[in-house]
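By convention in this document, chain letters (A, B, ...) are assigned in the order of the sequence lines, proteins followed by strands, and residues within each chain are numbered from 1. The structure presented is a predicted model; accordingly, all values stated were derived computationally and were not measured.
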Amino acid sequence: MMTIIRVAAVLLTGFFVGLTLEGVSRKIIARIQRRYGPPWYQNFIDVFKALSKNGITHGWIFDFGILMALGGVIATLAFVPLGDLVAFPGLDNLFIIVYLFAVGALGMAMGMVGSGNPNSSIGVARALTQMLGYEIPYMISVSAVMYYYKTASVSELMLSQQDSWTLLKMPLGGIVAFISLLGMLGKKPFDTPIAPAEIASGPMVELSAKYMGLLMLMHTFSIFVEIGLFVDIFLGISNYWTFLIKFTVIWILATLISSVLPRFRIEQVVKFYWKVPLGLAFLQALFVLLGWVF
Amino acid sequence: MSALLIAVPLLIAFLFVPLKNKIKYILPFVALFSLILILKLPIEQVNFLGGWKAPFGITLVLDNSSYYSLIVVNIIFFLLSLIPQIIEKDLSLIFLILMASINGLILTGDLFNSFVFLEITSVAAYILSSSKRNYYGAFKYLILGSIAGAFYLLGTLYSYIGTGSLNLADISKNINSEFLAVVPILIFIGLAVETKIFPLAGWVPDVYASGSALTPAILATGVTFSMMYLFGRIFITVFHGEFLNVVYIFGLITVVVAELSALKQDNLLRALSFSSIAQAGLFLSVISMNSYESLTAGYFHLLNDITAKFVLFIIAASIGKSFIKNKTTGIAFSIASFSLIGFPLFAGFRSKLLILKTAFLNQNYILPIILLFATIIEIAYVLRWNIKLWYPDNILPQEKEKTQKLSWNVNLILLIVALVIIVIGFYPDIYLKIAQNIASGLTNYRAYVTNVLGGM
Amino acid sequence: MANHERNIWEKIADQLRSKSLWMLHYCTGCGAIELPPSMTSRFDMERFGMGPMATPRQADILFITGYLSAKTLRRVIYTYEQMPEPKYVIGFGSCTLNGGIYYDSYATINRLDYYIPVDLYIAGCMPRPEALLEAFNELMKMIRKGEANGWKQYKENYDWYKNNQIRSLGEVLVHDEFHE
Amino acid sequence: MIPISYLVLVFLFGSVVSYLITKANRIVGAIFNFLLTFYALFVLWNLEIGHTEKLFSILEGVENTFKVSSLGKYFSIISLIVISLVSFFIIEWIRKKPSRPAAFNAFVLIMSAGIIGVFFSNDLLTLYIFWEIAVLGSFLIVPMGKEDSKKAAVIYVVTSAIGSYMYLFATFSIYNKYGILEFDQVSRFLLNEPSNLFKWFIILFIASAGIAKSGIFPLHTWLRITHGNAPDAFSAILSGQLVKMGSYVLAISLSVFPSTKLLASFYSGVPLLNYILIWLGNISIIIGTFMAIRQNDMKQLIAYSSVANGGYILVGLGVMNSIGYAGGLFHVFNHAIAAAMIFLSFAAVVYRTGTTKIDEMGGLIWKMPWTFVTYLVGIISLAGIPPTSGFISKWMIFNALLTKGMFVTLTITFIGSVGSFLYVFRPLAGVFLGQLKKKHYEVKEVSPVMLIPMLVLTLLTLFIGVYPKPVLDFIVSIENSLGIKPIEYSGTIIKTSLGQWDTLTVFTMFAVGFIIALVLYIIFPRGKKVELTDQYTGGEYLFNYDLYHYATGFYRFLERLYDKHPSFEKLYGMLVSFFKSMGEIINELFYKVSPSGYVFWISIVILILFWVRW
């Protein structure tokens with residue numbers, strides 16, 4: 001019973017905080033561009049408006065893909081510890097989270113390509129390629145952390161940082177993970193997959209109304225999973241509230257960075273990730289092996 | 001008695017010269033007769049022709065090795081004679097003469113006699129190889145054979161000078177170091193042509209691939225076997241294994257070179273003839289380890305090889321572009337080629353194991369490597385040919401019409417031989433016994449000498 | 001105009017819709033030049049929750065700036081029919097209203113609302129961004145009141161619109177790249 | 001209980017029977033095959049560990065015997081599951097497909113006989129014999145496929161021979177040195193062997209048979225052409241089963257001969273030899289992944305993925321600790337099932353459409369939904385995504401590498417894992433999703449006979465993914481018998497030193513998430529179903545929707561980065577042509593010359609001989 005309540009708490013946090021922060025980030029970008037910007041609750045309106053419309057569907061795989069995407073991400077989110085709010089204590093293995101996350105991605109990709117539009121296929125191909133770029137340095141830097149603390153459980157990784165934050169102990173790994181995080185979020189230098197002006201917003205090209213709304217929810221939850229993992233692993237011990245503060249800080253930082261950068265081409269993304277962050281991640285792993293941890 | 005083995009075929013050949021069209025149908029009976037005759041003969045019997053005792057007269061020696069060699073060779077002749085389709089009408093006489101000379105070659109205990117029989121065999125082989133208008137190949141063979149014969153004769157002369165005798169047993173008893181320096185080289189060159197040693201085997205592809213089924217079927221099996229027997233007899237029994245280290249190296253070179261050449265052949269018969277060369281080289285290098293085990297392994301392998309080659313050559317020469325109409329033939333072909341490669345379940349596997357075991361026993365690690373390497377190449381081309389014949393690319397319908405079915409007797413004999421291959425794969429005892437007897441006869445030169453020269 | 005009563009859910013939905021208008025702009029004429037200032041920092045369209053969208057599937061507003069030739073009209077209709085309901089059309093500038101300076105051209109149409117239902121016209125050649133924002137605010141009001149019902153009208157009078165379209169564009173009998 | 005040797009004989013003679021039956025009626029022959037293989041599965045399932053049978057004796061001092069070990073039983077059951085289900089598939093498939101159905105059925109049984117023999121052999125020689133029988137049977141089937149398949153068969157058998165002859169060489173070295181060939185005795189002798197070089201040589205040469213068979217670099221090139229061109233249903237056996245024979249030999253060379261005890265540790269408990277093998281696995285993963293991304297032929301694509309997954313298995317086995325070894329073994333199961341599923345779904349697609357080129361198809365999901373489901377679950381398992389079984393083994397391998405601190409290998413396994421998302425998606429998008437081609441409007445779903453085995457495999461994967469106990473039980477008994485610390489698990493929770501995870505919770509949570517999404521989906525307004533050709537086209541009218549399908553050069557932007565990659569296939573091609581031209585030179589110099597040339601060579605030989613002798 002407690003598990004159900006905790007899961008519900010995690011999901012509701014994801015929903016409210018996630019959508020709020022997305023609105024906040026739009027506001028921040030507007031302010032950087034010297035605009036007034038939409039209200040902070042704009043994304044709630046957008047989601048529910050989208051859900052209220054009468055959309056079109058391209059058949060069962062289109063629907064199923066969306067459901068699988070949202071279901072997979074909800075399942076993933078349930079395993080992410082939000083500070084001391086852990087839905088499944090002991091079972092929050094990092095690999096599980098990372099790979100369960102792929103269910104959502106696969107579902108989305110499948111549903112979108114199932115629409116039959118080549119733009120979405122191109123977008124998905126780009127998204128997968130980008131994943132090949134950012135996932136490797138991210139996993140290496142996180143693996144170095146796991147190797148150092150001898151555990152793969154995210155909450156234990158968080159609790160192991162009693163003396164100081166992992167980010168300070170392994171600064172290179174932290175930087176690599178943050179750069180990879182930008183790629184995961186699809187933030188500006190790495191928003192190649194959904195490039196609206198090139199491929200008509202890529203995977204989402206055929207999404208309308210309800211489907212768009214569900215996908216926006218999925219996107220919100222994914223952001224929560226991605227940043228949540230980073231906060232748990234790198235930013236020290238936190239309870240529920242400090243977790244949300246740290247989360248907000250990271251999210252705003254990512255927004256600030258992305259709002260001033262142009263877009264990479266897809267092969268530039270891969271080249272970049274496999275040169276700089278991967279090299280740094282290896283360096284970090286070497287330091288960990290040698291015991292050079294601050 | 002054993003003289004009959006030489007005399008009867010010769011006699012019948014001469015008697016039937018006027019009736020040479022009918023002689024085809026007598027062949028099986030002649031072959032059967034000599035087979036029965038051999039089986040009746042007691043082993044360890046020396047026949048002094050004209051009553052002259054050993055060092056002075058001509059002797060025909062029937063010991064373990066020659067007895068079993070005779071059996072093998074005569075079975076081959078018998079099987080071939082049951083396939084009259086492949087024997088062209090003029091060649092029946094040659095067939096008989098070849099039979100006589102090979103029987104003589106195996107039986108003889110005299111170096112000069114062996115030269116004579118060698119020459120008769122060669123001449124018969126020249127004529128055989130000129131069938132299907134393959135005159136150029138036959139000419140090549142003739143030139144090489146003649147040179148080889150000259151060297152063989154030279155070797156015979158030198159050994160007479162060196163030991164004062166022409167009797168093999170006598171030479172074996174009296175050899176000395178001075179003599180050993182020259183004679184093995186000359187004899188080796190003399191035999192190298194017939195035993196297909198690199199680089200003197202240039203005639204083989206041209207002759208075997210003439211398109212006639214009989215030529216390769218008899219040259220690669222019966223004649224090769226008798227030559228290998230003679231080689232073993234001379235180099236192991238007479239020269240006590242002297243000079244074999246050189247043979248070993250030549251054998252290995254032959255294996256590699258022949259397999260490499262076979263890889264690129266686009267004619268099945270040529271590819272098979274290169275395989276035949278390679279197997280001969282392998283055999284020579286195996287027996288040049290000069291022990292009872294290695295000889296057993298070598299002759300066992302040779303038996304497997306000639307069994308397989310018998311099937312392969314006959315089918316390769318008589319089949320067209322595919323097995324579409326001749327499935328049973330195709331099965332026999334495949335079985336033979338698997339045996340050649342040495343897949344388990346088939347005879348070739350057993351001999352390969354035996355060779356490997358012997359080689360390792362002699363601390364010889366080069367031979368297994370070469371053997372396995374050569375087998376890989378052999379697998380490549382033999383199996384490629386199998387696939388090509390089983391799954392022909394684009395056979396035109398009229399071509400399909402043209403390929404005729406092989407007649408039942410050919411198929412039956414080929415299937416029986418193929419079955420023998422499988423049986424040997426499971427129970428190699430028959431072949432192994434033959435090989436062991438030949439090996440023991442060859443290695444035990446003291447017994448040979450006593451046997452021929454009497455208790456001295 | 002048949003203005004049937006909305007239920008409570010539809011009223012809430014209309015409130016939401018008016019606060020979050022996503023726009024597909026069909027920029028064939030010179031009017032498109034007025035959009036960048038409306039979107040960027042001077043006038044900042046996003047503060048009303050509006051934004052450009054890449055595909056008709058996600059758009060609420062079809063925003064047509066300028067004249068429509070027979071060839072582009074066909075595409076506009078195609079695009080309009082691909083949009084999910086509810087959907088709104090804004091005609092921008094005189095060209096959509098009465099043909100503007102192209103009123104006697106053989107190649108353009110003069111009145112857009114013969115062919116698709118236009119919820120709101122912005123007069124002028126060309127209207128300034130202020131007029132644009134005014135129009136958007138007006139449209140939002142209409143949506144909140146449930147008056148922006150062009151899409152229902154299109155459904156109800158589908159035959160009429162279709163006839164007009166066919167009269168202007170001609171019926172397409174052969175479906176290939178040379179005839180449509 | 002039926003002895004294994006009888007089972008092998010039944011298969012060998014059954015092949016003749018099957019040939020005759022199939023000659024009379026293809027379908028009855030295929031049913032016969034299925035019943036026989038299914039019966040064999042039943043028999044093998046009931047075998048008790050330790051059961052021994054004497055067979056024959058070829059070399060003196062060596063009794064060739066069968067012995068049921070846990071390892072062999074595990075592998076044989078996986079194999080027979082694959083073979084029997086594929087045989088079931090063949091019942092329908094054989095109506096249209098192989099050019100020689102009778103021979104096909106017969107050879108499948110010969111191959112199965114060899115396979116059973118391989119897994120129960122108790123000594124190196126018996127293993128070799130049955131190994132070659134399996135190769136023989138499978139090699140004869142390959143050329144019944146597409147036009148390149150004849151070449152493929154030769155490449156397959158030559159590569160296999162390279163490996164198995166190295167194995168044979170090592171076998172005879174052991175026999176020559178110790179006079180025995182039984183696995184446990186050999187490992188006992190090896191433990192007392194002073195020479196490190198000899199141990200290296202033995203393990204490497206024995207492993208090389210496995211390397212050749214499971215498509216590990218540098219002998220990986222045969223997989224593409226063989227899997228790609230073999231008869232479609234047979235590719236499932238090739239990739240799902242025969243390749244696993246290689247993994248079996250690798251497992252033997254690394255664990256039955258306890259490599260960690262034989263050799264000194266090089267890096268965190270892993271000997272240098274294992275490390276080299278792990279690196280071969282790494283290179284295979286890289287090659288397999290990146291080459292699979294490039295392929296446009298769906299069968300060749302999955303063939304390269306087999307290379308990568310063979311690499312995974314080798315990495316897992318090579319680590320040789322409790323969790324890595326278990327991961328390697330579990331991956332054997334996963335890849336066998338997943339590859340069988342994928343190749344069977346491809347076989348179904350080819351059965352209906354007649355092509356394997358990805359960009360010649362599209363949108364087949366609307367015509368063949370169940371085939372699509374099979375493929376989907378297959379790739380989810382292959383890519384290692386929960387809740388299928390594929391994730392469990394990947395998770396174990398990652399854990400093992402992480403505890404050992406092997407970061408480079410870990411990186412490469414991550415690349416292989418993420419890369420697998422890329423390449424499995426290519427057929428998914430190109431063949432099953434996207435626009436349906438006009439020429440495929442009339443395509444129908446395959447018949448239930450073909451669907452049943454596919455769906456059985458699907459359910460099996462999902463079931464093991466949620467409840468992995470049956471496989472883990474096997475792995476624990478294998479690890480116990482080999483003296484490796486067994487992997488810990490309780491119920492559905494698998495534990496390692498790095499933490500634990502619960503397959504059931506993950507599955508439940510996924511189901512909950514899906515239900516939440518479904519509820520949201522249902523309460524909001526229903527979408528209107530539109531035609532597949534009602535697409536956003538930027539306002540343009542399209543007339544040939546066949547072209548509105550993104551499948552050619554799916555990852556072109558990524559492929560461009562490594563277009564100029566070095567190719568081992570080309571290298572081997574060059575090697576072959578080198579051998580051929582050597583043969584040509586020899587032929588010209590020695591075998592084709594005129595008689596005067598022979599005289600020249602004779603004089604040379606004489607000169608050499610005289611020079612050598614004097």
| Whether D:Asn176 side chain and B:Phe360 backbone form a donor-acceptor pair below 3.5 Å |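 Judged by distance alone, yes, a pair lies under 3.5 Å.
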With only heavy atoms counted, which part of [X] is less than 4.5 Å from chain B, the side chain, the backbone, both or neither?
X: D:Thr171; value: neither
X: D:Leu140; value: both
X: D:Phe169; value: both
X: D:Ile606; value: both

Tell me whether the centres of the aromatic rings in [X] and [Y] are closer together than 6.0 Å.
X: D:Tyr167; Y: D:Phe205; value: no
X: B:Phe274; Y: B:Tyr381; value: no
X: D:Phe130; Y: D:Phe66; value: yes

| said: Run B:Trp390 and B:Ser334 through side chain to side chain donor-acceptor pair (under 3.5 Å) and show every step you take. | reply: CA-CA 9 Å; B:Trp390 272 115; B:Ser334 291; 2.7 Å; yes
| said: Using a 4.5 angstrom heavy-atom cutoff, name the option from B:Ile379, B:Ile143, B:Leu142, B:Leu356 with the most pairs to chain D. | reply: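 So the answer, after comparing B:Ile379, B:Ile143, B:Leu142, B:Leu356, is B:Leu356.
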Tell me, side chain or backbone of [X] under 4.5 Å from chain D's heavy atoms, or both, or neither?
X: B:Tyr141; result: neither
X: B:Leu361; result: both
X: B:Ile147; result: side chain

| query | Between the side chains of D:Tyr156 and D:Lys213, does any donor sit under 3.5 Å from an acceptor? | reply |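 Short answer, yes.
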